[in-house]
Amino acid sequence: MRRWCRTGATLAFGAGLGAAVGRLLSLRGGEEEEDRAGLLSRVPVVPVPRVQASELTVSPGGSGTVMKYGFPSLANIKTRESYVTSYDPRTRTASWVIERLNPASLSGTSDRKYCDFKEDDSVHVFHRSTNADYRGSGFDRGHLAAAANHKWSQKAMEDTFYLSNVSPQNPHLNQNTWNNLEKLCRSLTKRYLNVYVCTGPLYLPRQEADGKLYVRYQVIGRNHVAVPTHFFKVLILEQVDGRGVELRSYVLPNEPIDEKVPLERFLVPIETIERASGLLFVPNIMKRNSSLQAITNK
């Protein structure tokens, strides 16, 4: 059995997917908080003995080694200076974006004031989003790969402003809790050799008045850019001592969140995201280990 950190709720998939995930992700400050130390002590450690710093010197935050743990999917892969992404032409946003963070990638003179959101010319005009789609929509252009993660290169930072790296995000979420999660990812570079961050949108079912489950989401602009119901982040944390990697996975609803709710409340089993998104994370780790029993708490 896989053992992962949980938020105190066990998510059952199948017919009850929408209701279970909805209950988990609608937690508010009035519920009892879990003890932070106890929760994080259950984060899994995956033995990967061949993790070596020598593999990771291509560039501070470049895409040369960002996929060492495997691709979550192989559809419409695009490589940028600072991240790798899989673009979904139906939703006009990415299915996932992976970036690699370390102290070197977070340092530099790059400045976002020189960056502007721009269309991705590599995407067919039928399938791309534009700035006009977001104008007056009430949603922020929410980065998937965060600009502040790539100060090592002005070009790398500019690449995060392609609209293919953006999803419609509730402004309160984008500017508060989501921003705090991005800051947490950067802070983890002080404790780990590298922090790989995979981010993407989710479109989750909800149970409605007739008792049935429906996937409903808003679209904005002339190009019908899909508004996610939720967002995920999967963190792959390489330990400095070479013992392996640590995995953390978060899901946040695309709505205002009380800032008093700690980020730990949004930790979920990685299977939750894999089942809901159709993606498989860290497949290379799974190939190296003959049994899932290799995933243990240490």
Side-chain angles (χ1 to χ4, degrees), residues 2-12 17-46 96-97 99 101 106 140 142-149 167 169-192 194-202 204 206 228-239 245-277 281 295 297-298:
R2 282 172 152 183
R3 298 174 63 196
W4 307 102
C5 50
R6 296 182 181 271
T7 60
T10 299
L11 299 186
L17 171 64
V21 174
R23 286 195 297 271
L24 172 67
L25 300 177
S26 62
L27 292 172
R28 291 296 181 265
E31 298 183 21
E32 182 178 353
E33 296 183 7
E34 287 200 49
D35 177 74
R36 173 178 179 137
L39 182 61
L40 295 185
S41 69
R42 299 196 297 276
V43 172
V45 174
V46 184
W96 54 263
V97 174
E99 52 189 329
L101 283 58
L106 302 180
D140 282 358
H143 282 82
L144 299 175
N149 293 349
S167 283
Q169 196 165 52
N170 180 280
H172 188 277
L173 174 68
N174 184 37
Q175 298 162 30
N176 295 283
T177 305
W178 188 256
N179 184 44
N180 292 338
L181 181 55
E182 291 177 337
K183 290 178 179 178
L184 172 64
C185 294
R186 290 191 285 272
S187 72
L188 291 172
T189 62
K190 299 175 183 178
R191 296 171 46 198
Y192 296 92
N194 287 283
V195 176
Y196 292 81
V197 184
C198 185
T199 307
L202 291 173
L204 299 184
R206 294 180 183 272
T229 62
H230 300 77
F231 289 95
F232 71 82
K233 274 191 186 292
V234 172
L235 311 185
I236 307 170
L237 309 170
E238 287 186 342
Q239 297 184 354
V245 300
E246 186 177 306
L247 304 178
R248 299 187 194 179
S249 46
Y250 298 82
V251 175
L252 280 70
N254 191 13
E255 59 188 45
I257 295 175
D258 188 335
E259 292 182 65
K260 295 180 181 178
V261 178
L263 289 171
E264 288 75 18
R265 294 289 290 279
F266 301 99
L267 282 165
V268 300
I270 197 168
E271 290 96 335
T272 302
I273 303 173
E274 289 178 324
R275 289 175 180 269
S277 65
F281 298 95
I295 300 175
N297 296 317
K298 292 186 178 180

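Numbers here are sequence positions counted from 1. Predicted model, so just to flag it, every value in this text is computed and none were measured. All values below were derived from every heavy atom in this structure, side-chain atoms included, with hydrogens, water molecules and symmetry-related copies excluded.
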Task: Stepwise side-chain contact (heavy atoms from CB on, under 4.5 Å) check, Y192 with Q239 - done: CA-CA 5 Å; Y192 296 92; Q239 297 184 354; 4.2 Å; yes

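- D140 places no side-chain N or O within 3.5 Å of a backbone atom of G142 that could act as its donor or acceptor partner.
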- [ ] Decide yes or no on side-chain contact (heavy atoms from CB on, under 4.5 Å) for L247 and L235, but give the supporting numbers first.
- [x] CA-CA 6 Å; L247 304 178; L235 311 185; over 6 Å; no

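- The two residues H143 and W178 come nearest to each other via the heavy atoms O-NE1, 3.7 Å.
- Of all heavy-atom pairs spanning V97 and A145, the tightest one is CG1-CB, 3.6 Å.
- For the atom pair CG (L204) and CG (N254), the distance works out to 11.0 Å, reported to the nearest 0.5 Å.
- Closest heavy-atom contact between L106 and N149: CD2-O, 3.5 Å.
- Using cut-offs of 30° and 60° on the angle between ring planes, the pair F232 and F281 is perpendicular.
- Between atom CD of residue E182 and atom CG of residue L144 there is a gap of 9.0 Å, rounded to the nearest 0.5 Å.
- In plain terms, the two heavy atoms of P201 and F231 that are nearest each other are CA-CD2, 4.0 Å.
- To the nearest 0.5 angstrom, L181 atom CG is 5.5 Å from K233 atom NZ.
- Between R248 atom CZ and L263 atom CG the span is 10.5 Å, to the nearest 0.5 Å.
- Side-chain atoms of T177 and V261, non-hydrogen and from C-beta on, never get closer than 4.5 Å to each other.
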Open item on the list: Please determine whether side-chain contact (heavy atoms from CB on, under 4.5 Å) holds for the pair L101 and C185, giving the CA-CA distance in whole Å, both sets of side-chain angles, and the decisive distance to 0.1 Å.
Closed with: CA-CA 8 Å; L101 283 58; C185 294; 4.2 Å; yes

Open item on the list: Evaluate V234 against W96 for side-chain contact (heavy atoms from CB on, under 4.5 Å), listing each step before the verdict.
Closed with: CA-CA 10 Å; V234 172; W96 54 263; over 6 Å; no

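- Residue I236 holds its CD1 atom at 10.5 Å from OG of S249, rounded to the nearest 0.5 Å.
- Shortest non-hydrogen contact noted between L173 and E255 is CB-O, 3.6 Å.
- Taking each heavy atom of R186 and A146 in turn, the nearest pair found is NH1-CB, 4.2 Å.
- Distance check: I257 CD1 to R265 CZ gives 11.0 Å after rounding to the nearest 0.5 Å.
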